[in-house]
Protein chains: 4
Amino acid sequence: MEDINLHFTGDIHAVSIAHNLLSALLDNHMQQGNSLQIDTRQIVWKRVVDMNDRALRNIVVGMGGKMQGVPREDHFMISVASEVMAILCLSDDLDDLKKRLSQIIVAYTREGKPVTAGDLKAQGAMAALLKDAIKPNLVQTLENTPAIMHGGPFANIAHGCNSVRATKYALKLTDIVVTEAGFGADLGAEKFLDIKCQKAGLKPDAIVLVATIRALKYNGGVDKKSLSNENVEALKQGFVNLEKHIENLHQYNVPVVVTLNHFVTDSEAEVAYVQERCEAMGASFAISNVWESGGEGGLDLAKVVLDTLDNKQSDFTPLYRVDESIEAKINAIAGKIYGASEVHFTKKASKMIKQLESLGLDKLPICIAKTQYSLSDDPTLLGRPTGFDITVRELNVSAGAEFIVALTGDVMTMPGLPKVPSAENIDIDVDGHISGLF
Amino acid sequence: MEDINLHFTGDIHAVSIAHNLLSALLDNHMQQGNSLQIDTRQIVWKRVVDMNDRALRNIVVGMGGKMQGVPREDHFMISVASEVMAILCLSDDLDDLKKRLSQIIVAYTREGKPVTAGDLKAQGAMAALLKDAIKPNLVQTLENTPAIMHGGPFANIAHGCNSVRATKYALKLTDIVVTEAGFGADLGAEKFLDIKCQKAGLKPDAIVLVATIRALKYNGGVDKKSLSNENVEALKQGFVNLEKHIENLHQYNVPVVVTLNHFVTDSEAEVAYVQERCEAMGASFAISNVWESGGEGGLDLAKVVLDTLDNKQSDFTPLYRVDESIEAKINAIAGKIYGASEVHFTKKASKMIKQLESLGLDKLPICIAKTQYSLSDDPTLLGRPTGFDITVRELNVSAGAEFIVALTGDVMTMPGLPKVPSAENIDIDVDGHISGLF
Amino acid sequence: MEDINLHFTGDIHAVSIAHNLLSALLDNHMQQGNSLQIDTRQIVWKRVVDMNDRALRNIVVGMGGKMQGVPREDHFMISVASEVMAILCLSDDLDDLKKRLSQIIVAYTREGKPVTAGDLKAQGAMAALLKDAIKPNLVQTLENTPAIMHGGPFANIAHGCNSVRATKYALKLTDIVVTEAGFGADLGAEKFLDIKCQKAGLKPDAIVLVATIRALKYNGGVDKKSLSNENVEALKQGFVNLEKHIENLHQYNVPVVVTLNHFVTDSEAEVAYVQERCEAMGASFAISNVWESGGEGGLDLAKVVLDTLDNKQSDFTPLYRVDESIEAKINAIAGKIYGASEVHFTKKASKMIKQLESLGLDKLPICIAKTQYSLSDDPTLLGRPTGFDITVRELNVSAGAEFIVALTGDVMTMPGLPKVPSAENIDIDVDGHISGLF
Amino acid sequence: MEDINLHFTGDIHAVSIAHNLLSALLDNHMQQGNSLQIDTRQIVWKRVVDMNDRALRNIVVGMGGKMQGVPREDHFMISVASEVMAILCLSDDLDDLKKRLSQIIVAYTREGKPVTAGDLKAQGAMAALLKDAIKPNLVQTLENTPAIMHGGPFANIAHGCNSVRATKYALKLTDIVVTEAGFGADLGAEKFLDIKCQKAGLKPDAIVLVATIRALKYNGGVDKKSLSNENVEALKQGFVNLEKHIENLHQYNVPVVVTLNHFVTDSEAEVAYVQERCEAMGASFAISNVWESGGEGGLDLAKVVLDTLDNKQSDFTPLYRVDESIEAKINAIAGKIYGASEVHFTKKASKMIKQLESLGLDKLPICIAKTQYSLSDDPTLLGRPTGFDITVRELNVSAGAEFIVALTGDVMTMPGLPKVPSAENIDIDVDGHISGLF
């Protein structure tokens, strides 16, 4: 566990260094004559570091005179927010990786022409730095089951799931492959299905939707301190949230298995209520006790999943087609998944849509950056909000990763450390035993 | 070879991330109330990245308002210039590593009090990040001979040789251990002997001093285009440079073997001249043809070394004792090794000496940053310059690495990329074969 | 005219230098030990220059090391946006000036305590620099009529009218004093009446409200190219805007005289329509032809004003009392003057209201920064909009000028130059004749 | 006195605003497309403010994105360091002023081509802003004698004396005109004679050299506390300084009158010694008691000057001709005036000389920035140092002022405020009486 949390196989370091090589080539190009006419005020390629380091969010670089670079504003993100990470996870092979890396837009000229990593001849060296990182990593669980861990793209400005290559490797090695997709199903599942599966030609046979009684009661209005008390009434109020997620996933024509991540405070009545409602909606249901009993605790769920695979038909259909207009694709997600009445585009967003169309970059899947605390873009709206609007503040294109990012709120790509950083408590003894990591 | 030149075992990444963790903790401390009263104008801990990136030499960080860090000037260095790298190479074990990490001075208060990594409680987490990097790496040569590669501290602001642990491991595993010390012997050998050996209690039995006929002729005044022509007269003029190096090394009471890195253009007369002069000075002599014949080409040299070990007595004595004054130690190096008449200290340097004395940090070995192109601090003075002065412009303390750096000229800790970066020519094919790396 | 447009009597220069003295004292205080514990991230006092200079909007100052100031972000505004200008215009005398200057809040400590110009002992020297600038300036019109010009505070973040001292001087020298208040009457008149008159105990006897047929037709939906064509229908549509302004001013219990700034394209029917409607509302009416005939062209208006002074009663009552709550005062202006349904306060604004209350700075008049293009805060809503909300984004306090600024949109305090700056066309010949100024 | 020390006639404000207009036009040009291809790293035109404001020495401007200017490093100087001030003082009339303003070099392109104020079409508007400032100002002394005060260029990076126009006006109005030239005669007189007189065709008839017994004893080695004690021996030692100045001025073929600024502690023997030595060298001599008796105290000196004018012949010859090489001109000043053995040019200085030659800007007078505390460039060398070298670190051209600045040390163009700024003690009462100014 420690090794995975420290440097692991060095993939993040490789992504960081490949990313920052592109940054160095970009600034060096401007230093050496700027023949591509890059506008110092329109550089969109930020630097990265694998560290929560707030002071690097907004910086000025290139100071000190003629031999020290060209002055400009810059920003650092954490490495997992790098488009290189998203590309790594979506590439078929080294050739596809290079093609995608070369497509990355790093800046614009004064005339609005995009400048790419390919214009800077960066893709070969970047790919060379990623030659091992592109290979999926085989690890084992605490029970010595093999597992593949590969890639960690951000789940807001990127698609948030593991690599296409890892999934395809796994599919060659075993009968059943389980892939995790983080955040709520409105975000994680939607992006997994519409971006990764649609892109890679993957067709899932079943979806396991994880819920907790506690979260449902919270969505039903119970405050955080009272979540341990039985409250079927609140559960009913909050179930609408899960109901919406089940309805959403059914839109993809894939069978849904709901599992409750079981807590000791869940009452039998509460569990029974959820089971009944799920099954009434046509979803399968199972309790998961993995937290308590390890693999044993997941056997029931496993059986229900196997049963679903045997008996229910999947006919995976993405929510939208990538060749629809940007507005149509965003409207599809916001309307069908979030339940929004209408989508507003700010002036800036509308302008960017026109720009993407003129650059021929509009026929890409959409990656919406939205709060994970609500189905809407307002984190305080719990349950199943209706009658709300979604505002798209800004659009960015990840031309290498081949998706368009639509921002509905502030996105933090560089976290800060807290008052007492956990680093203060980490230690290692002379024999190499680490403490304080968890 | 490629793997070593790309990410190798990840040691540099680990050093980078441990280094930058300290940076993040430092800025976070100021953000969270700055109880240590760090002066934003007196922060000496720079950030690092493993990339030649000129634009990061001089930057401003912490902009954007109250929640985005504290504004200040900052600088990036390449990772090998990190004091963490020097510490890694000089530490006995994880405990010593932690002790040294905690001693790093990161900043000063307005009152001039040093603030250390220990004050920021950083050493435990930093050491945890270095837990694998501290282990020496076993590699093999092209002829499949095992070799240990470990650590790469800068040879100007640090001591420039591999880790103490690597050398000690090797000493346990084999009869004869060869360690490389880069740059001229006035820099590489001096630092190896006075810093690393003195510190670690190592006592070399022989020193192999590598020379070339071409370099000696260059030191004798021949221009670079004519170095292939036989010119015994110029060789005589230039031999004074090698003569000084041999004299210098004899001051350490260790037998010296001179080897010529042989070129096809070296004439017999030239080789004979060098051999004669070396042997007249009491040094052994051998030709090395490794460049042409691999291991075979080094057999003669190996025999001479073995012969030296058998027949000559070594009584290693460092040039100075660490408990002498800073001026005395610098005078010893400049006078006995460089051949300088006098050492000037600028006001700034003198002030720093007083500060180090008042902080009790003066009883440390000295690491002089000087040009490698001349025995003096003027790169244009060839041969064996005399009657020159050395100016110490500035002093810094690496309180964790436990040496004092004396700067005699501009030191570049962040290189820039050239007009056509070699990255532009690097490529990788779909099967993972890299081209353009060399 | 030229002299007034160049340096005039130097009042703006004096304001600039007094303002920047405070900036220099502030940065010097931090440099010299920062005993007041000013937070470099919470400095609200910007620098000024009497120049449209976009590049100075966002800057970093204090770079270069320990002796060169403390690094921080800063901003320049144009001089007329200086709080010193507003203070100059609202001060009774030199003592009041000093008192107000000392009240200026320049920064906050980490704990949120305000730091004032008085804390920096700046008010005496600032007032000394303003000793001549505080004196009203006597000029003459092109017809050699005496006029007093004094002070030019911004009309959005400040109250936008001439100095109290100028008005009071004029009242001692003549029977009737006319004061201009710029922008629409919802801004200029409101601030003149509620801030300047309420503060200085001035009680206007009549208000002249200036309108144009063209603007009324524009408010009635006519596009800018067609404003020269007679269009009584559109005039009727647009008159509601003037109607609202007349109603607004009647709320102050001061007789209103409407005057049309006459254009040759105004038709008789259009003029007649406006006159009829104004008089129906109880306002007097007169045509002004000053643009064409100079003073002669204003005689009709003058007679109507004299007649109004003789025959109508004024009982000036401000819209709100300064000791009401901040929200109440803003609601009064937004509701009664703008016609808004509701006022929203952003989180930031609400937080600032609480802070002002806790600092005892809430019992001050309100200066709303709002677009002059609409009665609402949306510049595209013409005529007499209804059913709209006003959003207060942010609040600032001008503790020396003694008013609270409520921002309803982006406020530009530092303009930029256009593609072809008018400076390029300005010239002066050897005899001192200036050309290109207009 | 106060008015002169505050805003005076606004000349400095006019210089500041004309200077900063050029800055704004420069940044605006880059913002609007940068058709002149200005290199953001090679901008030499700094901004100015009439304030000691250390935090503005090193700044970054143009931050905030595409609409907020182009990011770059910048610097503020105090207004008197502006080249506009030097130009104002050297211009014949408005046409010459415009010509010189247009010649100002503000930046260079990447190819090293200079960009001038004329390229930015700035000279007309700048001259318009200076239309009153170019006129000499008539003031009166405390004894109501008329005097002309006009212009205050820096005495290190500029020529340090009043305007050509002021001197020429005075010459038309009276028989005898006295002009002050600040700092030591090696700086002030040299620049007055070689730059201003040579340029303007002025031919002085006599030079009054002001000395003090105290300063001569200080140059003779007496410490500052003992200067009040009679010490003829030290005076003899220190007289060599005055001797050198007299010799220097005689090189210009202008009669010299030495005057002692008399102190009550000067002994008769000391005065007698100085008088004897001066007269032995062919200089006239007089005591000045102006500090004690006002105009009366200067009568003796006045008589000696009149006598000199009547009886001694002046044949003013500048030290060098402007069409000599830059090195020759600097050698002339350093050798003949300072008494240096040799002049060293740093690499940077030599490179700049070549650049100036290639730009055809080498045939200009030289303005050396040197310490005023010694005849040498080392402030600690008192008396009449010999055998020393002068190092020219850097050269700049003031192409509008038409002189070349040679820097021999650090030049401070933006002072800082002290721990307790005098502003803290300045006050003004309600009647306008200022206190604390002196």
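Numbers restart at 1 for each chain; the letters A, B, ... are given by sequence-line order, proteins then strands.
For B:Met414, no part lies under 4.5 angstrom from a heavy atom of chain A. When heavy atoms are compared at a cutoff of 4.5 Å, A:Ala14 approaches chain B by way of both its backbone and its side chain. Looking at B:Leu437, there are no atoms closer than 4.5 Å to chain A (heavy atoms on both sides), in backbone or side chain. Interface residue A:Leu129: backbone and side-chain heavy atoms are both found under 4.5 Å from chain B. Of the atoms belonging to A:Val430, heavy atoms from both backbone and side chain fall under 4.5 Å from chain B. There is no contact between A:Pro71 and chain B, counting heavy-atom distances below 4.5 Å. Interface residue B:Ile434: only side-chain heavy atoms are found under 4.5 Å from chain A. Heavy-atom distances place no part of B:Ala122 under 4.5 Å from chain A, backbone and side chain included. Neither the backbone nor the side chain of A:Leu97 has a heavy atom closer than 4.5 Å to any heavy atom of chain B.
Chain A forms more heavy-atom pairs under 4.5 Å with one residue of B:Pro418, B:Gly10, B:Gly416, B:Pro421 than with any other, namely B:Pro418. For chain B, the option among A:Ile12, A:Val61, A:Leu25, A:Ile428 with the highest count of heavy-atom pairs below 4.5 Å is A:Ile428. Between chain A and the residues B:Ala125, B:Gly33, B:Gly69, the most heavy-atom pairs under 4.5 angstrom are made by B:Ala125.
Within the structure, no pair that satisfies the ring pair (Phe, Tyr, Trp, His ring centres under 6.0 Å) test touches residues 411-431 of chain B, not counting sequence neighbours. For residues 117-140 of chain A, the set of pairs meeting the ring pair (Phe, Tyr, Trp, His ring centres under 6.0 Å) definition, not counting sequence neighbours, is empty.
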Donor-acceptor pairs between chain A and chain B under 3.5 Å, which ones?
from	atom 1	to	atom 2	distance (Å)
A:Asp3	OD1	B:Lys131	NZ	3.1
A:His7	NE2	B:Leu129	O	2.6
A:Asn28	OD1	B:Arg54	NH1	2.8
A:Asn28	ND2	B:Pro418	O	2.9
A:Gln32	O	B:Lys419	NZ	2.6
A:Gln32	NE2	B:Leu417	O	3.1
A:Arg47	NE	B:Asp53	OD2	3.2
A:Arg47	NH2	B:Asp53	OD1	3.0
A:Arg47	NH2	B:Asp53	OD2	3.0
A:Asp53	OD1	B:Arg47	NH2	3.0
A:Asp53	OD2	B:Arg47	NE	3.2
A:Asp53	OD2	B:Arg47	NH2	3.0
A:Arg54	NH1	B:Asn28	OD1	2.8
A:Ala55	O	B:Gly62	N	2.8
A:Arg57	NH1	B:Met67	O	3.1
A:Arg57	NH1	B:Gln68	OE1	3.1
A:Asn58	O	B:Met63	N	3.3
A:Asn58	ND2	B:Met63	O	3.1
A:Val60	N	B:Val60	O	2.9
A:Val60	O	B:Val60	N	2.9
A:Gly62	N	B:Ala55	O	2.7
A:Met63	N	B:Asn58	O	3.3
A:Met63	O	B:Asn58	ND2	3.1
A:Met67	O	B:Arg57	NH1	3.1
A:Gln68	OE1	B:Arg57	NH1	3.1
A:Lys98	NZ	B:Asp427	OD1	3.0
A:Lys98	NZ	B:Ile428	O	2.7
A:Ala125	N	B:Ile426	O	3.4
A:Leu129	O	B:His7	NE2	2.6
A:Lys131	NZ	B:Asp3	OD1	3.1
A:Leu417	O	B:Gln32	NE2	3.1
A:Pro418	O	B:Asn28	ND2	2.9
A:Lys419	NZ	B:Gln32	O	2.6
A:Ile426	O	B:Ala125	N	3.4
A:Asp427	OD1	B:Lys98	NZ	3.0
A:Ile428	O	B:Lys98	NZ	2.7

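The structure places CD1 of B:Ile426 at 8.0 Å from CG of A:Leu21, a figure rounded to the nearest 0.5 Å.
Partners of B:Phe76 by ring-ring contact (aromatic ring centres under 6.0 Å, His included), not counting sequence neighbours, listed by chain and number: A:Phe76.
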